[in-house]
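Heads up, the thing below is written out as structure tokens.
Quick caveat: nothing in here was measured; it's all calculated off a predicted structure. Within every chain, numbering begins at 1; the chains are lettered A, B, ... in the order of the sequence lines, protein sequences first and strands thereafter.
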Amino acid sequence: MSTLVIVESPTKAKTIRNYLPSGYRVEASMGHVRDLPRTASEIPAAVKGEKWSSLGVNVQSDFEPLYVVPKDKKKIVKELKEALKNSDELVLATDEDREGESISWHLLQLLKPKVPTKRMVFHEITDEAIKAALTNCREVDQRLVRAQETRRILDRLVGYTLSPLLWKKIAPSLSAGRVQSVAVRLLVKRERERRAFRQGSYWDLKAALSKDKSSFESRLVTLADKRLATGNDFDENTGQIIAGRDVVLLNEEETLALQARLTDKTWSVAGVDERPSTRKPAPPFITSTLQQEANRKLRLSARETMRVAQSLYEKGFITYMRTDSVNLSQQAIAAARSCVEDLYGKNYLSPEPRQYKTKSKGAQEAHEAIRPAGQTFRTPKETDLQGAESKLYDLIWKRTVATQMAEARQTHITVHLEVEDAGFRSTGKRIDFPGFFRAYVEGSDDPDAALDDQEVLLPSLKQGDTPECTELSPIGHETQPPARFTEASLVKMLEKEGIGRPSTYASVIGTIIDRGYAQRQANALVPTFTAFAVTALLEQHFPDLVDLSFTARMERRLDGISTGEVEWLPYLSDFYLGDEGLETLVKTRQDQIDPGEARTIDLDNLEAKVRIGRFGPYIETEHEEKPVKASLPKDMTPADLTPEQIEQLLKQKLEGPEKLGFHPEKGEPIYILLGAYGPYVQLGDVTEENKKPKRASLPKGVAMESVTLDMAVELLSLPRLLGQHPDTGCKVQVGLGRFGPYVVHDQGKEGKDYRSLKKEDNLFTISFERALELLAMPKGTRGRRGTKKALKELGSHPEDEAPVNVYDGPYGPYIKHNKTNVSLPEGKKVEDVTLEMALPLLAEKASTKGKKKTSRAKSTTKKKTTKKTTAKKTTTKKTAAKKTTAKKTTKS
DNA sequence: CAGTGAGCGAGCTTCCGCTTGACTT
């Protein structure tokens, strides 16, 4: 007989197994094992008729929750029950936080152990820590469990009462929740600010100066003792200088006049300031900061980051990746310090070991910070990691090592210069001692700020010096709207407000994109029309729930419940059934909200109204007392909608499409239109016999206004024949597809062989020779930016002669043969792999592929192939908050 | 796919947090 120990994850099970005496069996629960029913199909027949059953909480009977074992956990629960039969003791060793405690309690409820049962907790997986934990077991903490249950019920009540309201009033399948609705609201509020933003412009002078043959730059800052206006002096809503600011605002003419007046005058140094400063390294990674940095530095999404981190964790390279604690164990600090000494020397070591304090709201700190695993850290070079794994490990390693390095010391130098009545300023920075800069500098959402960490050298100057001015140029500036949220800045904001947990940051972003509340544009998250409509409704009728502080208030109550100071039932009862409770509120508002109004989006200074319809957003306005409606392109967001575009759409609707001219050979008219999939051109009219005239989308980045008749004719002639392939005699054509321009070798029954054109190729001018060259390139190497190359070529497959190669992927190296991919066998390195080794692996993979269950019970709601329109207008907007961009103007 | 913005109306959609698997380039 033995003791059964249950933890959450198989990896944790594997590691603690090594520290436990023999006779201990360790199994994983795989997270929560019971939950409220997720969908109608999970509700037991016995209660299906009850009014409350769709909530999964009997709100009339003391909020009694209805727990079920979800389908994917049934097998695990069964296995745990089996394991318990052969044990004479049960130890529950889940995390010591609210959710972990709850998992233990649910296990007790499900397994109903007849043998002695203990609750064991530990924060570090070391021999001593685990032995100590074993002798220090306790009971399951019922208060903590109750706090979790209260959290669970509250989230369910919010989500499952507000979502149905949205289905009735706005569109089916929409969702609302304590976390996602606040996240969406943040995006919407920022976009409203951007829409309300009015640009301001101002001018100044830039001087190139030199002293003792070294040159430096200087900016005009004062004129006749008055400060020159900068971006911060502008009111974002008017584009004018904020009232009461005593500043000089120069326009272009005035600046040119000043330039002329100051040219060839004498410059003198009025003073030099030197200000030393120090900088401390950033704290070690937690889930949120790791996601932010990986997004900024590696351009990984939160989800990708977590996938890669999980893999590193499973392979034993890093500690657990879902954590909100910045704590480092003593061993970790020692390991980091020894890395610093070995690689950078004693000088670079911080005098004292550095330990950080967690400061985000509601952190539960069941784990350590994210750091390289082990008593000694493997340097990135010592690992055989590849691709994203290698890059992420490098990031984690550097950040951790940097925490034990000395502060950086730098000096900021400001030189004040005078010429006539104009004051100029030069700023420089000298790094006196780089300290942790040697290992790691935190990234920034603002690309301009990255320059902050670079040295800017000035020649040595002192008061009374007279440097020579070699160039004086006027510079125009425009103020920029507040930056959109990126994944990184959204996660940062949510984390700061204590909204969401480490395990959910990535999925929150996924949810708001899946539900159609936001689109990813470059690295930014852009809210949709639906997001505007839903946010407006929630703000108007449920302001408390979408307030940033709602979660923090809830957390305080939950803390109270876990200490016994607050009673859970009155809290829930008041929240849901009270006079101003959620149920009451939803019932009264349900009758008040007019669906037509709720579906209408109020946008400033637009003549037409935008409404959410069955087929997506459309605009509606009146023309000669009759309503006119027109669809908006699918991926258009409120940000892109301008009065001109509305006019274009309505004109097209009222007067028919705009005619570009007539086809030179066919004589038919050619039109340009804006459709649901972006702008396109059309040859001929829609008639009875020709219901589908020839159409062609505009290539990416081409504006509607810039399309000429010639271009339209060319587009409509696609796919264009280039010639006959010398090997086969088959057609070689060039065309424009979903993924941009391509060449195709059409071998009839043999199939079509496609290649995308490269950046340097032009769809209209590409030569036949170049097309053949592209077709001759191997296909599998298309990859990202064409950089994908095989790590090792194993040879050709005996069956079909197709190549079998080893490639590098985000989950490590893998073997590829046609469409079959298989990871390298455990413990094997790229160099070791041979064709002989690969063939059986590929064969096995190919066979399991075929007989895999296809059911998966409509797992993800709608897995539509996300079609991207070819003609998306990519307006690359500058995203520097309140920053200004310089507009170079030529010296006259 | 290149226009629509209604309803005959069953039954369903939906939350947050804990986990991995199977998947892919």
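- Rounded to an integer number of Å, the gap from CZ of A:F550 to P of B:dC16 is 12 Å.
- OP1 or OP2 of B:dC16 lies within a sub-4.0 Å distance of a side-chain N or O belonging to A:Q180.
- In this model, the phosphate group of B:dG17 is approached by a side-chain N or O of A:R178 to a distance below 4.0 Å at OP1 or OP2.
- Rounded to an integer number of Å, the gap from A:I6 CD1 to B:dT19 P is 15 Å.
- Below the 3.5 angstrom threshold, one finds a donor paired with an acceptor across the side chain of A:S631 and the base of B:dT4.
- Remark: C1' of B:dT14 and CG of A:L165 are 12 Å apart, rounded to the nearest angstrom.
- Rounded to an integer number of Å, the gap from CG of A:L80 to P of B:dC18 is 20 Å.
- When the nearest nucleotides of DNA chain B are assigned to A:T161 and A:Q310 by heavy-atom distance, the more 5′-ward of the two goes with A:T161.
- Side-chain proximity of A:T11 to B:dT20, B:dT14, B:dT19: nearest is B:dT20.
- If you take atom P in B:dC15 and the same atom in B:dG11, they sit 23 Å apart, rounded to whole Å.
- Using a cutoff of 4.0 Å between basic side-chain nitrogens and carboxylate oxygens, A:R119 and A:D141 are not scored as salt-bridged.
- Looking at heavy-atom distances under 4.0 Å, A:Q148 makes no contact with the nucleic acid at all.
- One P atom belongs to B:dG3, the other to B:dG7, and the distance between them is 23 Å to the nearest Å.
- Within 4.0 Å of A:V158, counting heavy atoms only, lies no atom of the nucleic acid at all.
- At a threshold of 4.0 angstrom between heavy atoms, the contacts of A:G613 include nucleobase atoms, whether or not backbone atoms are also involved.
- Spacing between atom CD1 of A:I43 and atom P of B:dT13 amounts to 8 Å, rounded to whole angstrom units.
- Remark: ring of A:F615 does not overlap the six-membered base ring of B:dG5 in a stacked fashion, as centroids less than 5.5 Å apart with planes less than 30° apart are not both met.
- Each of A:P617 and A:A696 has a nearest nucleotide on DNA chain B; the 5'-most of these lies closest to A:A696.
- Using cut-offs of 30° and 60° on the angle between ring planes, the pair A:H32 and A:H106 is perpendicular.
- Atom-to-atom, CZ of A:R307 to P of B:dG21 comes out at 14 Å; the value is rounded to the nearest Å.
- Under 4.0 angstrom from either OP1 or OP2 of B:dT14 there lies at least one side-chain N or O belonging to A:R515.
- No contact: A:D72 has no heavy atom under 4.0 Å from any strand.
- A salt bridge between A:R151 and A:E99 is present, with a side-chain N of the basic residue lying under 4.0 Å from a carboxylate O of the acidic one.
- Here A:E389 pairs with A:K315 in a salt bridge; the nearest charged N to carboxylate O distance falls below 4.0 Å.
- Residue A:R322 places at least one side-chain N or O closer than 4.0 Å to OP1 or OP2 of B:dT19.
- Considering only side-chain atoms of A:T39, the nucleotide from B:dC15, B:dA6, B:dT13 that sits closest is B:dT13.
- Atom CD1 of A:I370 is separated from atom OG of A:S288 by 8.5 Å, given to the nearest 0.5 angstrom.
- Using a cutoff of 4.0 Å between basic side-chain nitrogens and carboxylate oxygens, A:R146 and A:E149 are scored as salt-bridged.
- In terms of polar N and O atoms assigned as donor or acceptor, the side chain of A:R614 comes within less than 3.5 Å of the base of B:dG7 in a complementary pairing.
- Side chain of A:Y517 to main chain of A:S175: a donor-acceptor pair is present (N/O by atom type, distance under 3.5 Å, no hydrogens or angles).
- Comparing B:dA6, B:dT20, B:dC16 against the side chain of A:K629 picks out B:dA6 as the nearest.
- If you check distances only, the side chain of A:R151 does reach the base of B:dC16 with a donor-acceptor pair under 3.5 Å.
- The residue A:T94 sits apart from the nucleic acid: no heavy atom pair falls under 4.0 Å.
- Once rounded to the nearest 0.5 Å, the distance linking CG of A:L165 with CD of A:Q590 reads 5.5 Å.
- For A:Y320 and B:dT20, the OH to P distance is 5 Å, given to the nearest whole Å.
- You can call A:Y160 stacked on the base of B:dT14; the centres are under 5.5 Å apart and the planes sit within 30°.
- Ring stacking is absent between A:W167 and B:dT14, as the pair misses the limits of under 5.5 Å between centres and under 30 degrees between planes.
- A sub-4.0 Å separation between OP1 or OP2 of B:dG17 and a side-chain N or O of A:T504 is present.
- Counting non-hydrogen atoms under 4.0 angstrom, A:S9 reaches the backbone sugars and phosphates but no base.
- Put simply, A:R501 has no side-chain N or O that comes within less than 4.0 Å of OP1 or OP2 on B:dT19.
- Within the 4.0 angstrom heavy-atom criterion, no nucleotide atom of any strand lies near A:G100.
- Here NZ of A:K12 is found 12.0 Å from CD1 of A:I6. Values are rounded to the nearest 0.5 Å.
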Practice item. Dot-bracket for DNA chain B, please, read 5' to 3', with Watson-Crick or G-U wobble pairs under 3.5 Å on both distances, ( ) within the strand, [ ] crossing, | other strand, . unpaired. Key: .........................
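- A:A176 comes within contact range of the sugar-phosphate backbone alone, with a heavy-atom separation under 4.0 Å but no base atom that close.
- At a threshold of 4.0 angstrom between heavy atoms, the contacts of A:L174 are confined to the sugar-phosphate backbone, with no base atom among them.
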